[in-house]
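Everything below concerns the one structure shown next.
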Amino acid sequence: MCHLVIRASVNWISHMLLHQTSHVDTANSVSLRTLTTPYQYGSAHMHTKCLDNSMRSTGLLFKCALWLMLWGSINAGPWNLRDPQGFTGYIHAGRALLPLLVLPASIVIICNRRNLLRVPLFAPSRLLAIYGLAGFILSVRSPEPFEAFYWAAAYLAAVATAVSFTASPLRERDVRWPILLSWLCVFVILTGAIIFCRGLIFSEAGSAYDTYSYAWSSVYGMPMVLSSGMGRNAGVIGVVVACTLLRKKTWRRLLWVPPFLFFTFVVFRMQSRGAMIAYTVTLLFIFAMVGVRWRVIGPIVALMIVVVLPATSRQWYEESYVYYTRGADREGVITLSGRTDIWALSDAALRDAWIVGWGHQGDRTVVGRHIHNAILYAAIATGFPGCIVYVTSWIQSWAILWRSLRRNTWTMMGSGRWLLESTAIFLFFSIRSITETTTASFSIDLLVVLPLIVYVETLNYSRHVESVYQPQLPDLSRLLRECDSSYEWYS
């Protein structure tokens with residue numbers, strides 16, 4: 001009996017090793033099923049395992065490079081491809097070509113992987129892919145078809161590259177890489193802008209909004225982020241730091257207080273009202289999610305800053321009102337600095353193409369203005385059918401996030417910090433979508449939000465990411481019955 005148990009155990013372990021390495025299929029790999037001695041078996045297993053890890057690392061590195069190439073194309077566009085002048089002109093032209101190079105490469109990765117994470121057609125990333133493809137097809141109707149095709153291709157490149165991170169073999173930390181790279185790029189852009197414009201941002205002027213927006217609009221022929229973009233970048237980093245601060249214990253929490261206060265200062269210093277409102281609401285959400293104590297402290301502190309302190313002094317109240325509204329009158333506040341007037345201009349474009357849109361950047365080519373609203377942008381670009389698909393992607397994203405939070409997915413996956421940060425940043429950009437295009441167009445907003453959507457999809461549609469594609473091990477009792485007819489080399 002002991003002899004049978006030993007032979008069955010060896011058989012079971014051998015099957016486990018075979019299943020774990022069966023997905024490696026290269027010209028130089030060794031077939032484990034043709035080996036006749038335990039020594040050869042162990043050597044071949046080590047060889048295939050090292051080869052598998054090397055292939056996995058190379059593939060992940062290549063996908064990270066594609067994602068960074070998309071970030072390298074930010075603030076470049078089809079205008080850089082028309083008659084570039086000088087060295088900097090050709091540099092920007094090369095940056096503008098990056099999305100067009102990333103798109104076919106990411107499609108090849110997806111088509112070459114048979115084991116992509118299987119999600120329903122109505123999953124947010126798939127809906128965004130359908131929306132982008134519709135915008136690509138409808139670009140033929142645009143008054144500027146080349147620009148429309150370019151931005152549609154860049155949009156599809158971002159979606160395809162983000163989805164490619166879910167290719168087999170799937171690991172949770174692999175799906176996190178585009179999130180980390182996006183946060184790193186946002187931090188680099190924000191730090192560079194703060195360093196180069198420190199004299200303007202930290203000047204004694206009453207408004208950093210005016211001094212920054214008009215004094216530093218371009219560098220070396222490249223358009224730079226405006227005050228709203230600075231507020232967005234500082235808000236993203238501030239949210240990440242806030243989540244880290246509140247989840248740290250004891251004295252380590254104090255180390256994150258200075259960076260949190262600094263990025264919060266930058267958000268409010270730039271006076272972007274959309275960023276300030278979104279940032280405040282997101283911080284309250286983080287306080288509510290972290291624990292009961294912060295759930296009470298957070299609203300009290302916010303109430304003290306926004307209501308109680310200004311109410312103690314009329315001068316403080318007037319100065320606070322002027323600062324937060326940037327000196328706008330009542331009409332300017334109601335119209336969101338004229339954004340509602342711009343929204344009204346989209347009526348003609350929507351009436352002429354309410355079923356089929358004008359392709360990406362249709363607000364610029366048809367309306368002649370930046371529309372400053374994600375839903376209106378989607379409607380102009382792809383018509384109302386495409387707009388419905390785009391809005392459904394937002395609804396589905398929030399449904400997945402809510403489902404993950406209710407299921408306490410972070411306890412099961414050990415990913416509480418990541419899920420909390422993903423939900424908080426997604427809330428930040430959901431509020432921002434009222435006055436900006438966010439995920440409706442190729443932009444920094446899309447490159448920050450899209451990896452979060454793919455990551456939460458991965459948590460939601462797979463019970464355990466690390467073992468999604470590992471075959472089920474054979475039953476030990478069945479192997480015990482079959483052990484006499486297998487592995488003759490052991491006896």
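Worth saying up front: this structure is predicted, and the values here are computed from it rather than measured. These numbers come from the heavy atoms of this one structure, side chains and all, not from hydrogens, waters or symmetry mates.
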Would you kindly say whether [X] and [Y] are connected by a side-chain donor-acceptor distance under 3.5 Å?
{"X": "Tyr155", "Y": "Trp151", "value": "no"}
{"X": "Trp358", "Y": "Ser139", "value": "no"}
{"X": "Ser142", "Y": "Glu147", "value": "no"}

4.5 Å side-chain heavy-atom contact, [X] and [Y]:
{"X": "Ile395", "Y": "Pro124", "result": "no"}
{"X": "Leu127", "Y": "Tyr390", "result": "no"}
{"X": "Trp71", "Y": "Ile444", "result": "yes"}
{"X": "Phe426", "Y": "Ile453", "result": "yes"}
{"X": "Phe165", "Y": "Thr458", "result": "no"}
{"X": "Glu421", "Y": "Val239", "result": "no"}
{"X": "Val281", "Y": "Phe428", "result": "no"}
{"X": "Ser441", "Y": "Leu446", "result": "no"}

Can you sort out the partners of Glu144 under salt bridge (charged side-chain N to carboxylate O under 4.0 Å, His left out), two or more places apart, ordered by chain and number?
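If we apply the salt bridge (charged side-chain N to carboxylate O under 4.0 Å, His left out) test to Glu144, skipping adjacent residues, there are no hits.
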Considering only NZ, NE, NH1 and NH2 on the basic side and carboxylate oxygens on the acidic side, decide whether Arg369 and Asp363 come within less than 4.0 Å.
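The answer is no: the pair does not qualify as a salt bridge.
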To the closest 0.5 Å, what do you measure between [atom1] ([X]) and [atom2] ([Y])?
{"X": "Ile375", "Y": "Ser433", "atom1": "CD1", "atom2": "OG", "value": "6.5 Å"}
{"X": "Phe285", "Y": "Thr280", "atom1": "CZ", "atom2": "OG1", "value": "15.0 Å"}
{"X": "Ser182", "Y": "Leu70", "atom1": "OG", "atom2": "CG", "value": "9.5 Å"}
{"X": "Leu138", "Y": "Thr382", "atom1": "CG", "atom2": "OG1", "value": "7.0 Å"}
{"X": "Leu419", "Y": "Asn460", "atom1": "CG", "atom2": "CG", "value": "10.0 Å"}
{"X": "Tyr279", "Y": "Thr282", "atom1": "OH", "atom2": "OG1", "value": "9.0 Å"}

Is [X] reaching over with its side chain to a backbone N or O of [Y], donor-acceptor style, under 3.5 angstrom?
{"X": "Asn80", "Y": "Gly77", "result": "yes"}
{"X": "Arg95", "Y": "Ile74", "result": "yes"}
{"X": "His372", "Y": "Thr435", "result": "yes"}
{"X": "Asn373", "Y": "Ile434", "result": "yes"}

Sequence neighbours left out, what passes side chain to side chain donor-acceptor pair (under 3.5 Å) with Gln361? Give chain and number order.
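Listed in chain order: Arg364, Tyr377.
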To check you understand the geometry: which heavy-atom pair defines the closest contact between [X] and [Y], and what is its length?
{"X": "Pro178", "Y": "Trp67", "answer": "O-NE1, 3.5 Å"}
{"X": "Ala129", "Y": "Leu156", "answer": "O-CD2, 3.8 Å"}
{"X": "Val159", "Y": "Ser125", "answer": "CG1-O, 3.8 Å"}
{"X": "Ile109", "Y": "Ser164", "answer": "CG2-CB, 3.9 Å"}
{"X": "Val366", "Y": "Ala349", "answer": "CG1-CB, 3.7 Å"}
{"X": "Tyr131", "Y": "Ala440", "answer": "OH-O, 2.8 Å"}

Is the Phe384 ring parallel, tilted or perpendicular to the Trp354 ring (thresholds 30°, 60°)?
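It falls in the tilted class, 30° to 60°.
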For side chain to side chain contact (heavy atoms under 4.5 Å, CB included), just list the numbers for Leu81 and Leu97, CA-CA rounded to whole Å, side-chain angles, deciding distance to a tenth of an Å, and then say yes or no.
CA-CA 8 Å; Leu81 300 176; Leu97 287 175; 3.8 Å; yes
Are Leu345 and Asp341 close enough, and set up right, to give a side chain to side chain contact (heavy atoms under 4.5 Å, CB included), and what steps lead you there?
CA-CA 7 Å; Leu345 298 176; Asp341 298 333; over 6 Å; no
Taking [atom1] in [X] as the centre, count heavy atoms belonging to other residues, nucleotides or ligands within less than 6.0 Å. Is the count above 12?
{"X": "Trp398", "atom1": "CH2", "value": "yes"}
{"X": "Phe187", "atom1": "CZ", "value": "no"}
{"X": "Trp256", "atom1": "CH2", "value": "no"}

Walk me through it: do Trp394 and Thr438 pass the test side chain to side chain contact (heavy atoms under 4.5 Å, CB included)?
CA-CA 11 Å; Trp394 278 99; Thr438 57; 3.7 Å; yes
Before you tell me yes or no, could you show the steps for Ile425 and Trp183 under side chain to side chain contact (heavy atoms under 4.5 Å, CB included), namely the whole-Å CA-CA distance, both residues' side-chain angles and the distance that decides it to 0.1 Å?
CA-CA 11 Å; Ile425 294 178; Trp183 291 350; 3.5 Å; yes
Please determine which of Phe263, Phe260, Phe262 meets the side chain to side chain contact (heavy atoms under 4.5 Å, CB included) test together with Ile237.
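The passing option is Phe263.
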